[in-house]
Amino acid sequence: MATQKPALAKGTRDFGPKEVQKRKYILNSIESVFKKFGFMPLETPAMENLATLEGKYGDEGDKLLFRILNSGDYLKDLKEFQNNTSIDTTNLPSSTGNVSDLDSKAASKFISEKGLRYDLTVPFARYVVMNRNDITFPFKRYQMQPVWRADRPQKGRYREFWQCDADVVGSDSLINEVELIQIYYEVFTTLGIDFKIRVNNRKILEGIAEYFNCNHRFSEFIIIIDKLDKIGYEGVFKELNDAGFINDSNRAILDSPELGLFKEGIQQIYPTFESQLKRLNSLFEDRNSEIGSHGVSELEKVLKLLDKSCKQFVELDIFLARGLSYYTGSILEIVATKGTLKSSIGGGGRYDNLTGIFGLPNVSGVGISFGLDRIYDVMEELNLFPNTVNRASSTQVLFCHFDEATQEYCLPALKVLRDAGIAAEVYPDVIRKKPIAKQLDYANALNIPYAAIAGETEMQQHVFNVKNLQTGEQTLIGTEELIRLINPFI
RNA sequence: GUGGUUUUAGCUCAGUUGGUUAGAGCACCUGAUUGUGGUUCAGGGGGUCGUGGGUUCGAGCCCCAUAUUCCACCCCA
């Protein structure tokens with residue numbers, strides 16, 4: 001049989017012992033903060049029905065869904081369609097009943113019914129609707145699981161990556177926004193990451209669109225406006241023009257540097273959040289933009305409730321438009337301020353209508369997400385992992401021996417150490433040639449700090465020759481002393 | 001989805017205008033050293049040059065296709 005060359009699927013990675021150790025450190029840090037704020041765990045399946053996933057993430061998102069081929073004879077329905085029997089073809093792009101007239105998107109409806117989850121929020125909304133009678137609202141849940149996107153991999157972008165989400169559904173209160181920002185603050189402070197939280201409100205964006213008379217093509221307009229800090233005023237104006245947004249009714253405003261005021265000017269001219277929001281509000285009042293004013297008052301309330309230490313990391317970005325199409329209120333985005341990763345390491349917002357799609361209207365939700373893999377990349381680049389998690393093995397002591405007799409002599413001591421809560425192991429094989437050198441090599445490779453060497457003489461004296469592998473010091477001590485050496489507090 | 005880039009030993013990478021048997025460092029194994037590692041010295045094993053085609057007397061090098069890596073755009077964690 002020909003051997004095949006082992007390889008990973010595109011955009012996926014293995015995590016060796018060291019990586020897992022460090023990823024768990026991040027996960028544990030996040031989870032403990034989630035718990036402290038009263039969130040409860042949830043896990044959902046890797047795959048969902050495509051009907052659950054499709055249409056929730058916009059057209060771009062639909063393209064990035066990983067679709068699962070139906071099991072069994074997955075061409076069966078397609079053949080039936082070809083034979084034009086019982087399938088309703090009215091909603092399909094091709095109603096000719098001819099397979100060759102179908103495009104891939106239409107054909108996929110016949111051969112794929114399930115997909116891998118794209119995020120954790122939509123499966124959560126699905127769960128809430130299905131379990132509405134058993135859930136006590138407001139429901140606070142956290143969820144830490146992998147998600148999949150059929151994206152082209154690049155820096156900070158993978159096809160399989162983990163999200164750590166905390167969401168509250170069934171509560172309109174802006175206290176939730178405040179608490180979620182506090183969670184961000186606590187987690188990133190604990191991990192030692194320099195960050196800033198960019199905040200905005202979807203209603204402010206809608207107010208801005210109204211201000212420029214562009215609310216008829218809201219998201220398109222906002223996506224262009226959002227690029228202001230990237231491509232500048234001229235770039236935005238050109239893109240708006242190319243997209244046909246500029247007309248006689250708004251040419252004057254867009255042409256004026258007032259557009260620049262929003263991004264380039266507003267933070268300089270108005271140094272505090274309060275003054276920025278006030279200025280924004282007066283613009284909205286000029287236009288009678290009720291929704292814009294509403295967004296301003298929501299943000300004002302959130303900022304008012306936020307404690308000082310937290311607030312210094314918050315930055316108002318009135319053009320921040322996160323892609324997910326389901327946000328209706330607050331919008332949050334986290335970026336690391338040091339390191340080379342420019343894209344966000346977390347994000348979130350409020351969504352009022354997500355459960356409505358599944359038949360449970362009037363339940364408002366708000367949530368945040370941590371991007372585990374990007375957080376890992378930032379911490380790795382900036383060397384932020386503590387030394388204790390940089391070790392692959394947690395073993396403290398390796399018992400080294402020369403033959404069967406001395407190996408057996410180690411076993412009772414090994415058990416005593418483990419019973420005392422100390423991670424310890426015995427080298428499993430008996431080595432005839434240079435046994436100690438081999439076993440010390442093993443301990444070094446695994447960064448094990450102590451070696452307990454048992455030879456003929458040690459066995460007779462009921463002791464071990466305990467070697468500190470960092471300093472090279474050796475002492476002859478018994479099991480009890482060995483325990484105290486490793487953990488003086490027992 | 002668009003554009004560019006990468007792939008040669010376990011790892012990181014050299015490899016001249018196409019020309020004998022494809023190299024280095026690290027790692028690994030053996031010995032100097034039969035109870036002591038991270039230092040030194042000597043020796044050793046290991047590669048269908050991503051894969052499949054093509055051009056050529058001859059291909060790691062040129063051409064085509066494909067996979068993959070990384071990067072930018074789009075979009076996003």
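It should be emphasised that the depicted structure is a prediction, and the values quoted were computed from it without experimental measurement. First the proteins, then the strands, lettered A, B, ... as listed; each starts at 1.
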Between A/Arg484 and A/Glu481, is there a salt bridge with N-O shorter than 4.0 Å? no
Sticking with atom P, work out how far B/A27 lies from B/G38, rounded to a whole angstrom. 11 Å
Check whether the side chains of A/Asp167 and A/Tyr351 place a donor and an acceptor atom closer than 3.5 Å, and report yes or no. yes
Have a look at A/Gly61 and say if it touches a base, only the backbone sugar-phosphate, or nothing, with a 4.0 Å heavy-atom cut-off. nothing
Could you tell me the separation between the CG atom of A/Asp59 and the P atom of B/C75, rounded to a whole number of Å? 12 Å
Classify the nucleic acid contact of A/Tyr442 as base, sugar-phosphate or nothing, counting any heavy atom under 4.0 Å across all strands shown. nothing
Please enumerate all protein N or O atoms sitting under 3.5 Å from an N or O of nucleotides 38-41 of chain B, with distances to 0.1 Å.
from: B/G38; atom 1: N2; to: A/Leu469; atom 2: O; distance (Å): 3.3

Taking B/G37, B/C74, B/G35 as options, the one with an atom nearest any side-chain atom of A/Ala437 is B/G37
Do A/Arg152 side-chain and B/U2 base share a donor-acceptor contact under 3.5 Å? yes
To the nearest Å, how far apart are A/Ile431 CD1 and B/G37 P? 14 Å
Figure out the CG/P separation between A/Asp167 and B/A77, and round it to whole Å. 13 Å
Contact class for A/Ser344 (heavy atom, under 4.0 Å): base, sugar-phosphate, or nothing? sugar-phosphate
Represent RNA chain B in dot-bracket notation, 5' to 3'. Only Watson-Crick or G-U wobble pairs with both distances under 3.5 Å count; pseudoknot-style crossings use [ ] and interstrand partners use |. ((((..(..((((.....[...)))).(((((.......))))).....(((((..]....))))))..))))....
Give one of base, sugar-phosphate or nothing for A/Ile334, where a contact means two heavy atoms less than 4.0 Å apart. nothing
Could you measure between the two P atoms, the one in B/U5 and the one in B/C62, and give it in whole Å? 13 Å
Sugar-phosphate, base or nothing in reach of A/Glu333, heavy atoms under 4.0 Å: nothing
Between A/Arg117 and A/Glu48, does any side-chain N to carboxylate O distance fall below 4.0 Å? no
